[in-house]
Amino acid sequence: MATPGNNWFHDSVSALAYSLAQPHETGPELLPPHNDLTQFILRQHAQMPDYLRAPMQLATLGFDLFGLVRGGKRFHRQTPEQRQRQILAWKNSRLGFQRDLIRYFESLATLALYNRAESPSTTRRESEFPRHAGPQIDPPPSELRAEVVVIGSGPGGAITACLLAEAGRDVLLIEEGPFLPLASCAPFSQAEMEQKYRNGGQTVAMGRNKISYVEGRCVGGGSEINSGLYHRTPPDILERWRSEFEVEALTEKDLQPHFETCERDVSVSLLPCPAPPASLKLHDGAVKLGWKSMEVPRWFRHEAGSRRREEADASDAARNRLLTSAATNSAGQRQSMTETYVPRFLRAGGRLLPETRAQRLRQYSNSWVIEARHRVTGNLRIAADIVFVCAGAVHTPTLLLRSGITRNVGKSLQVHPTVKIVARFNETVNAADMGVPVHQVKEFSPRLSFGCSISSPAYLALGLIDHPEAALKTASTWQQMAIYYAMITSEGRGTVRKLPGFRDPLVRYSLTEADRRNLGDGLRKLAQILFESGATELYPGLTRGPGLRCGGCLSKLPEVLPNGLASLMTIHLFSSCPMGENRAVCATDSFGRVHGFKNLFVNDASLLCTAPGVNPQGSIMALARRNALKFLDK
């Protein structure tokens with residue numbers, strides 16, 4: 001039911017959407033009306049973490065009222081020229097909350113504007129998403145029982161549930177999100193954000209330097225939305241975990257069979273054809289500098305008929321001819337959990353319960369009762385002899401904390417903070433079907449890593465929010481542009497805390513000065529690579545940051561990343577319930593059993609003792625397999 005307050009909020013959001021889209025109206029698909037932008041922003045507001053919704057609404061209404069001070073009218077009743085002046089004043093304000101408010105709305109409006117070429121599925125409500133036709137409990141009874149309950153169906157949970165079911169155990173796999181086909185939406189699209197991302201992709205670690213992060217919320221978890229890049233855990237990281245956290249059975253030799261089996265199961269392989277041109281640009285720049293660069297394998301299955309990469313190695317001319325078709329040839333099928341371990345789990349007799357949020361664990365003698373809530377049928381009680389919590393580095397500690405299990409839980413979160421640069425070249429480096437670039441520069445690893453990111457027009461425009469003049473050229477020049485990143489192994493730590501009265505947890509993270517110095521160094525080195533590879537213009541993700549047009553401009557970049565002025569993000573979260581026998585710092589033993597409990601386990605990214613310095617999916621999968629087989633005494 002509409003209320004005056006809701007109508008006011010709608011009018012304020014609509015005025016912001018139209019005003020923020022106005023400068024981009026340079027082509028047919030970018031012209032008004034912009035009602036679709038307004039509706040997308042309102043849907044996203046409804047999905048954001050619950051403790052932020054009311055403050056965001058109040059801040060928006062406050063912004064609208066501020067128009068009375070500047071122009072004598074509330075913002076949504078001002079002229080277009082007056083609106084632009086007020087937006088610019090807040091965007092360049094010294095007050096962080098004013099900058100953050102405009103960035104929030106500008107990010108969503110930009111994303112929706114440049115995603116208009118997508119299918120109409122982007123406007124579907126969650127109840128209209130195309131559910132998977134596979135077996136699942138639908139609808140569930142109010143009470144269920146299983147020998148083993150696995151909470152969370154990402155790589156850790158899916159592998160755990162699969163192996164236990166194949167060993168003959170009675171296993172129930174619970175997932176908060178829906179069971180969607182991998183092809184329910186285009187990868188890295190607005191539709192995917194609305195269908196499969198937790199909170200619509202609007203999750204952030206609070207702190208002096210906010211870090212946006214992304215989590216999957218669907219059967220298969222993060223494997224359904226990530227790039228599928230794969231690394232094994234570096235040997236020096238394993239040594240550190242054995243030494244500092246006293247983790248047993250964690251040598252390279254111990255983990256090798258688990259890595260090898262997981263790699264076969266999800267078809268980890270290199271591209272069968274040339275990498276996308278944007279990826280090769282990064283590689284070529286690094287090679288010219290004498291820096292180590294590598295193609296990272298992915299968990300993809302490629303068609304046997306794909307053009308082979310050796311064709312491109314025959315000559316420079318052949319290589320150049322193939323660059324423009326590299327994206328098409330590199331297309332394959334992502335081997336996510338819904339393509340691999342989840343089907344195996346179901347074939348083995350496992351039961352899947354999607355759209356069910358585990359809210360609390362209660363222990364009764366030697367068993368557990370999971371208090372949960374299903375999207376349609378409401379409250380459930382699920383009895384289990386054994387529980388594996390595999391809800392990810394944020395929601396595993398949240399569930400444990402809500403259940404009164406607190407020792408070394410949620411106190412040591414780590415991430416890989418990442419800062420980005422948009423690069424423009426004279427030649428074509430991008431295409432609508434470019435897919436995921438695969439090269440990474442590891443010369444300075446684990447301190448610094450460099451790579452190329454998703455570079456659709458929408459993400460390019462989003463990456464240029466701090467450079468509005470360059471952003472306006474996105475529609476006409478995006479094929480000559482790509483996004484690159486510098487990622488660090490952080491010394492900082494974060495926390496995960498439950499908030500009384502709210503569903504969503506509060507995540508906080510603190511960068512150290514060394515982290516900010518490494519991010520600054522990473523930006524400069526990344527810019528050096530890109531200029532060496534032929535980039536003509538670079539646009540770093542810094543508020544009021546400089547545009548760069550030559551290698552001699554690198555001194556304009558800060559040596560230490562300034563507090564609060566960088567657009568930081570991460571897709572790698574871990575270490576919130578570290579494993580090991582050192583009970584002073586570890587939440588579980590070496591194989592994921594929660595200290596102090598016989599039949600409660602953690603088996604996901606939470607267990608990683610520290611930041612691994614590489615994509616963590618390979619580590620998560622190998623450890624999940626190792627721990628599941630240990631539980632089965634195999």
Side-chain angles (χ1 to χ4, degrees), residues 152 154-160 205 211 213-216 221-223 226 229-252 254-255 258-259 262 388-398 400 408-418 445-446 449 487-496 507 509 570-595 601-628 630:
I159 289 174
T160 302
I211 303 176
Y213 65 90
V214 171
E215 295 179 295
S223 74
N226 66 26
L229 298 174
Y230 179 91
H231 290 271
R232 294 187 180 186
T233 319
D236 57 327
I237 297 295
L238 295 177
E239 171 57 33
R240 181 183 176 188
W241 294 355
R242 293 196 304 271
S243 173
E244 294 183 19
F245 296 84
E246 301 176 13
V247 184
E248 299 173 352
L250 200 69
T251 65
E252 283 187 88
D254 292 326
L255 289 183
H258 305 295
F259 281 124
C262 290
F388 282 82
V389 184
C390 309
V394 171
H395 289 270
T396 284
T398 300
L400 295 177
N408 298 324
V409 170
K411 301 175 182 178
S412 54
L413 178 73
Q414 286 205 280
V415 304
H416 287 147
T418 302
S445 180
S449 297
M487 181 186 85
I488 70 166
T489 299
S490 174
E491 294 180 352
R493 292 290 188 277
T495 59
V496 180
V507 179
Y509 200 86
T570 188
I571 53 174
H572 303 158
L573 301 95
F574 25 71
S575 310
S576 53
C577 300
M579 62 182 172
E581 307 307 320
N582 182 353
R583 293 195 175 211
V585 293
C586 296
T588 80
D589 70 10
S590 298
F591 299 93
R593 188 193 305 267
V594 177
H595 285 306
F601 298 81
V602 171
N603 210 18
D604 62 13
S606 308
L607 294 179
L608 275 60
C609 301
T610 63
V614 296
N615 187 302
Q617 292 294 331
S619 303
I620 295 166
M621 294 171 65
L623 289 171
R625 184 177 189 276
R626 159 189 178 266
N627 296 348
K630 175 70 173 180

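This structure is a prediction, so every number in the text was calculated from the model and none was measured.
Between Leu255 and Leu238 there is a side-chain heavy-atom pair separated by less than 4.5 Å. When side chains are defined from C-beta on, Leu250 counts as touching Leu623, because their heavy atoms get closer than 4.5 Å. No side-chain heavy atom of Phe574 sits under 4.5 Å from any side-chain heavy atom of Ser619. At a threshold of 4.5 Å between non-hydrogen side-chain atoms, the residues Thr396 and Cys577 count as touching. For the pair Leu607 and Thr588, the minimum side-chain heavy-atom distance is below 4.5 Å. Between Thr251 and Arg242, some side-chain heavy-atom pair lies under the 4.5 Å cut-off. Between Trp241 and Thr610, some side-chain heavy-atom pair lies under the 4.5 Å cut-off. Residues His572 and Asn615 have side chains in contact (heavy-atom distance under 4.5 Å, counting atoms from C-beta outward).
Across all their heavy atoms, Gly613 and Thr489 have their closest contact at CA-OG1, 3.3 Å. Asn582 approaches Glu244 most closely through the heavy-atom pair ND2-O, 3.2 Å. Nearest approach of Ser412 to Ser575, heavy atoms of both residues: OG-O, 2.7 Å. Residues Phe601 and Phe591 approach most closely at CD2-O, 4.4 Å, considering heavy atoms. What you find for Pro612 and Leu608 is that their closest heavy atoms are CG-CD2, 4.1 Å.
No side-chain N or O of His258 forms a donor-acceptor pair with one of Arg626 less than 3.5 Å apart. No donor-acceptor contact under 3.5 angstrom links the side chains of Tyr509 and Thr495, judged on distance only.
Between Tyr230 and Phe259, the angle of the ring planes goes over 60°, which puts this pair in the perpendicular group of the 30/60° scheme.
The backbone N or O of Val415 lies less than 3.5 Å from no partner atom in the side chain of Thr570, so there is not a single donor-acceptor pair. The backbone N or O of Ser490 sits less than 3.5 Å from a side-chain atom of Gln414, completing a donor-acceptor pair. Although no hydrogens or angles enter the test, the distance criterion places no donor-acceptor pair under 3.5 Å between the side chain of Asp604 and the main chain of Gly156. Of the possible polar contacts, one joining the Thr418 side chain to the His416 backbone as a donor-acceptor pair under 3.5 Å is found. A donor-acceptor distance shorter than 3.5 angstrom exists from the side chain of Asn408 to the backbone of Cys586, with no hydrogens or angles considered. Side chain of Arg493 to main chain of Glu491: a donor-acceptor pair is present (N/O by atom type, distance under 3.5 Å, no hydrogens or angles). Judged purely by atom type and a 3.5 angstrom limit, Ser576 uses its side chain to pair as donor or acceptor with the backbone of Ala393.
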Between Val585 and Phe245, is the side-chain contact (heavy atoms from CB on, under 4.5 Å) condition met? List the steps.
CA-CA 7 Å; Val585 293; Phe245 296 84; 3.8 Å; yes
Would you check, one step at a time, whether the test side-chain contact (heavy atoms from CB on, under 4.5 Å) holds for Asn226 with Gln617?
CA-CA 10 Å; Asn226 66 26; Gln617 292 294 331; 3.6 Å; yes
Could you go through Thr233 and Val614, starting from their C-alpha distance and side-chain angles, then the distance that decides it, and tell me whether this counts as side-chain contact (heavy atoms from CB on, under 4.5 Å)?
CA-CA 7 Å; Thr233 319; Val614 296; over 6 Å; no
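Cys390 SG to Asn627 CG: the interatomic distance, rounded to the nearest 0.5 Å, is 9.5 Å. The distance from the CZ atom of Arg625 to the NZ atom of Lys630 is 15.0 Å, given to the nearest 0.5 Å. Atoms CE and OG, from Met579 and Ser590 in turn, are 7.5 Å apart once rounded to the nearest 0.5 Å. To the nearest 0.5 Å, atom SG of residue Cys262 and atom CD1 of residue Ile620 are 11.0 Å apart.
Among Val389, Thr160, Ile159, the single residue meeting the side chain to side chain contact (heavy atoms under 4.5 Å, CB included) criterion with Asn603 is Thr160.
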